[in-house]
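Below: one structure, written as structure tokens.
Numbers restart at 1 for each chain; the letters A, B, ... are given by sequence-line order, proteins then strands.
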Amino acid sequence: MKCQKCSKPATYHITDLDPEVPGKFAVFHFCDEHALQHLAPAASKPDSLPVGQLAKDLVSGSSASREPSPADSLSCPNCQISFAEFRSTGRLGCPYDYEAFRDELMPLLENIHGEVRHSGKAPKRAPRTSRQQNTLIRLRNDLKRAIAAEDYEAAAKLRDEIKSLEQEQGR
Amino acid sequence: MNLDALTRTSGEWLRGTGPESDIVICSRIRLARNLADFPFTSRASDPEKLEIERVCRSAMDKAGLDLEYQSLVDLGLLDRQLLVERQLISRELSGGDGPRGVAVGPRENMSIMVNEEDHLRIQVMNSGFSLPEVWEQINALDDRLEEQLHFAFNPQLGYLTSCPTNVGTGIRVGVMLHLPALANTKQIEKVFRALHKINLAVRGLYGEGTQADGDFYQISNQQTLGKSERELIRNLSDVVPQIISYERQARQEWIAQRRQHLHDQVSRAYGVLKTAHTISSSETMHLLSSVRMGINLGLIDDLEIRTVNELFIHTQPAHLQKIQGEELEVDERNIARAGYIRRRLTADRHEEGPAD
């Protein structure tokens, strides 16, 4: 996720509540510098923002300002990404992360989008079992690690497993 | 794809036609999609990215789409920059690494980036204010790809994306507006704040983090989860006519109160562009913006909007260097830019733009 005002990664995710209209809010994604600018007293701006705005840090990736969270050590069984890595890059590792980090992601989604249930287009045909697809991601990841560890016997086995699953997927 | 030939044409989205095209340059929608059985791009190894690219390209072929694929691997910086300037790829894809590329449709209305932040970033872009048509086209395109590919999708969260800010519909609905009068009166700040309050983002011509050079502003949705594609399109479609009417009002007030000053500013801008021998990119954008508004207000009557629209893109650094056929330093570019603008403004008066 990039800052809305420059190309640096967004490390602050700010929700401004409108004091005049209850329930109305705006979400911003900023780098450290632009977050400070945004949060600075309104005097520096050409036209002042509503006073009494409530700014709230959600998932700050900048380690300086953020306490380590117990969720940081969680990792996805399929792609092995840790929650701490996601927090620092703003990018998830694979589709299964939405399950693996569900408890951590739901409040974040609620803050970003204001809603947590998809409404809109869905693929026309029934999706294949997502279990198989997630297994594929895990096997490919295991293969990478087997090759890195020069365990060629395990790598060969994994390749066979991947190939047969891919064939089942109709590829 | 013949990248050198690109500089002799321009995307259809620049032709300056379609509803409200005096203010709305183009309407654009993009969809983020990922294959269900691969890690997201940032987590994928090069062999995995290669396989993702192979699977996606084969799906585009099987779907019978009229697209030409350009890999970004081994493509020089200048060529990559050219594709960014034409709005066919993002700076992120240009600066990325590993197997990645873009499939481009005829007349550049359609492009599909492969292995950007998401495996697929599908884009459709039309001239003028035409979001419903753009949605129909991109929805059909997405359907045809979906017949060939298994996209990562979950009934509660919708299409799953690398960044949680895109999850759900994966849609970014945007319009590019030319707002010189609102910028001149500084009312634009108020418009921005109002847009932020209803969850819409404002960016410059080249997206996130770019200056609004030439008084171009892109307005797009931020929310992607919880509202349907049509609702999100409607949110934007409802607010754009208001901005258009503010801009028209500001232009009319300007012309009513300071007609001579405005006419002078527009004519001087046109004069400088027709006669300058060295000119920076930023001055060019600034002057073209005045000329563009001058045409729309009837203060200049011997120049096509399309020529001006094209000049905004063709005077960008990579385009100039491709047109000149060599790499140029900043000073050389400023000279080449002035020469190119003089030629175009002399040749294109009373005429259509270059043939595509």
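- With respect to chain B, the highest number of heavy-atom pairs below 4.5 Å among A/Asp97, A/Leu109, A/Leu105 belongs to A/Leu109.
- Interface remark: B/Thr161 contributes backbone and side-chain atoms alike to the contact with chain A (heavy atom separation under 4.5 Å).
- For a residue to count as touching a neighbouring chain, one of its non-hydrogen atoms must lie under 4.5 Å from one of that chain's; by this rule B/Glu48 touches chain A with the side chain only.
- For chain B, the nearby part of A/Glu85 is the side chain; its heavy atoms alone come within less than 4.5 Å.
- With salt bridges taken as basic N to acidic carboxylate O contacts below 4.0 Å, one links A/Glu99 and A/Arg102.
- Using a 4.0 Å cut-off between a side-chain N of Lys or Arg and a carboxylate O of Asp or Glu, A/Asp142 and A/Arg145 qualify as a salt bridge.
- The contact between B/Ser42 and chain A is made entirely by side chain atoms (from C-beta outward), counting heavy-atom distances below 4.5 Å.
- A distance-only check finds a donor-acceptor pair linking the side chain of B/Glu247 to the backbone of B/Ala181 [under 3.5 Å].
- Between B/Ser220 and B/Arg203, the closest side-chain pair of non-hydrogen atoms falls below 4.5 Å.
- When each of A/Lys144, A/Arg138, A/Glu115 is scored by its heavy-atom pairs under 4.5 Å with chain B, the top score falls to A/Glu115.
- Contact tally against chain B (heavy-atom pairs below 4.5 Å) for A/Ile137, A/Val116, A/Asn78: the top residue is A/Ile137.
- Ranking B/Glu147, B/Glu231, B/Lys186 against chain A, the residue ahead of the rest is B/Glu147, based on heavy-atom pairs under 4.5 Å.
- At distances below 3.5 Å, at least one donor-acceptor pair connects side-chain atoms of A/Arg140 with backbone N or O atoms of B/Asp37.
- For B/Ala201, no part lies near chain A; criterion is any non-hydrogen pair under 4.5 Å.
- Considering CD of B/Glu146 and OH of B/Tyr159, their distance stands at 3.5 Å, rounded to 0.5 Å.
- Interface remark: of the candidates B/Asn166, B/Val167, B/Asn34, B/Val167 forms the most heavy-atom pairs closer than 4.5 Å to chain A.
- Using a 30° and 60° split on the angle between ring planes, B/His119 and B/Phe40 fall in the tilted class, from 30° to 60°.
- For A/Lys121, the parts lying near chain B are the backbone and the side chain together; criterion is any non-hydrogen pair under 4.5 Å.
- Contact annotation for B/Pro47: neither backbone nor side-chain heavy atoms come within less than 4.5 Å of a heavy atom of chain A.
- Listed here is the closest heavy atom pair of B/Val124 and B/Val134: O-CG1, 3.4 Å.
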